[in-house]
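The figures here come from the full heavy-atom set of this structure, side chains too, leaving out hydrogens, waters and symmetry mates. Numbers here simply count residues along the sequence, with the first being 1.
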Amino acid sequence: MEHSHRQMGKMGHPDMEPFSLKALNESCHQMVCPSPIIRSVINSFIFLTEGEVLVESCNNNFIVKKDEFLFIPNGVPFSIKYYKECIGYMGGFHNSFLSPDFIQPNSYRAINLLQSSTPTKEHFTEDSLRINLTLKKIMEESKSEKKNDSFIKILLLDLIYS
């Protein structure tokens, strides 16, 4: 997810925020593609409501389209090859964001997506609107002056369980 510090803030950097979410819209054309291959310290994800993104990871190409969600676990190398008319979200979170004081270690280990060592792509039809609204709520809460990290964590867990 880290194309450059200018484009994505400090995602992937050791002193980064533990959670970050960016809207993909008209700003996509400003991102430099293809991006260099990175091995991020955060779990990264993309969800699209329109358009297309090509991500290369683990010797595979993942074309993410409308109503699709791509999860890339931390430490897995990837590169974004192109964006095409994207609307949706791109984000990431450090494992510490869902810390033991928020979620029990056994519960964390039970979340298959967080235990994966390879990218996972899911297509949603019926849940797409709910996922989009959840990400919109997370975005709004992230920008709030009275940001509530616990609320963001609950919404993020809802998204991951989906």
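- Side chain of E141 to main chain of N148: a donor-acceptor pair is present (N/O by atom type, distance under 3.5 Å, no hydrogens or angles).
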side-chain contact (heavy atoms from CB on, under 4.5 Å) evaluation trace for N95 with N43: CA-CA 7 Å; N95 285 340; N43 299 296; 2.7 Å; yes
Does the pair D158 and R130 meet the rule for a side-chain contact (heavy atoms from CB on, under 4.5 Å), with working shown? CA-CA 10 Å; D158 178 53; R130 185 181 65 77; 2.8 Å; yes
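- Residues K121 and I63 approach most closely at NZ-O, 2.6 Å, considering heavy atoms.
- Other residues, nucleotides and ligands contribute only 12 or fewer heavy atoms inside 6.0 Å of the CD atom of E126.
- A side-chain donor-acceptor contact under 3.5 Å links S35 to the backbone of I80.
- Side-chain atoms of K153 come within 3.5 Å of backbone N or O of F97 as a donor-acceptor pair.
- In terms of modelled atom types and a separation under 3.5 Å, the side chain of N61 and the main chain of E56 share no donor-acceptor contact.
- If you check the side chains of Y83 and E52, you find no donor sitting under 3.5 Å from an acceptor.
- If you take OG1 on T120 and CZ on F69, they are separated by 9.5 Å, rounding to the nearest 0.5 Å.
- Taking the six-membered ring for Trp and thresholds of 30 and 60 degrees, F93 and F45 have ring planes inclined between 30 and 60 degrees apart.
- Contact detail for T134 and L155: the closest heavy-atom pair is CG2-O, 3.6 Å.
- No side-chain donor-acceptor contact under 3.5 Å links S79 to the backbone of K81.
- For the pairing with P77, the side chain to side chain contact (heavy atoms under 4.5 Å, CB included) check across I72, I38, N59, I37 returns one residue only, I37.
- Linking ILVMFWY side-chain heavy atoms closer than 4.5 Å, directly or via other members, places F151 and I138 in a single hydrophobic cluster.
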Could you walk me through whether L48 and E68 pass the side-chain contact (heavy atoms from CB on, under 4.5 Å) check? CA-CA 6 Å; L48 295 182; E68 292 183 338; 6.0 Å; no
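- Y89 approaches A23 most closely through the heavy-atom pair CD2-CA, 4.1 Å.
- Nearest heavy-atom pair across L21 and L135 is CD2-O, 3.5 Å.
- Following chains of ILVMFWY side-chain contacts shorter than 4.5 Å, one can reach F78 starting from V76, so the two form part of one hydrophobic cluster.
- Linking ILVMFWY side-chain heavy atoms closer than 4.5 Å, directly or via other members, places Y82 and V55 in two distinct hydrophobic clusters.
- Note: the hydrophobic cluster containing F71 also contains F124 (ILVMFWY, side chain heavy atoms under 4.5 Å, direct or indirect links).
- To the nearest 0.5 angstrom, S44 atom OG is 8.5 Å from N74 atom CG.
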Please evaluate residues I152 and F19 with respect to the criterion side-chain contact (heavy atoms from CB on, under 4.5 Å), reporting the C-alpha separation (whole Å), side-chain torsions for both, the decisive distance (0.1 Å), and the verdict. CA-CA 9 Å; I152 293 171; F19 176 82; 4.0 Å; yes
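- Shortest non-hydrogen contact noted between C58 and P119 is SG-CD, 3.8 Å.
- Taking hydrophobic clusters as Ile, Leu, Val, Met, Phe, Trp and Tyr residues chained together by side-chain heavy-atom distances below 4.5 Å, F62 does not share a cluster with L54.
- Between the side chain of S20 and the main chain of G92, no donor-acceptor pair closer than 3.5 Å is present.
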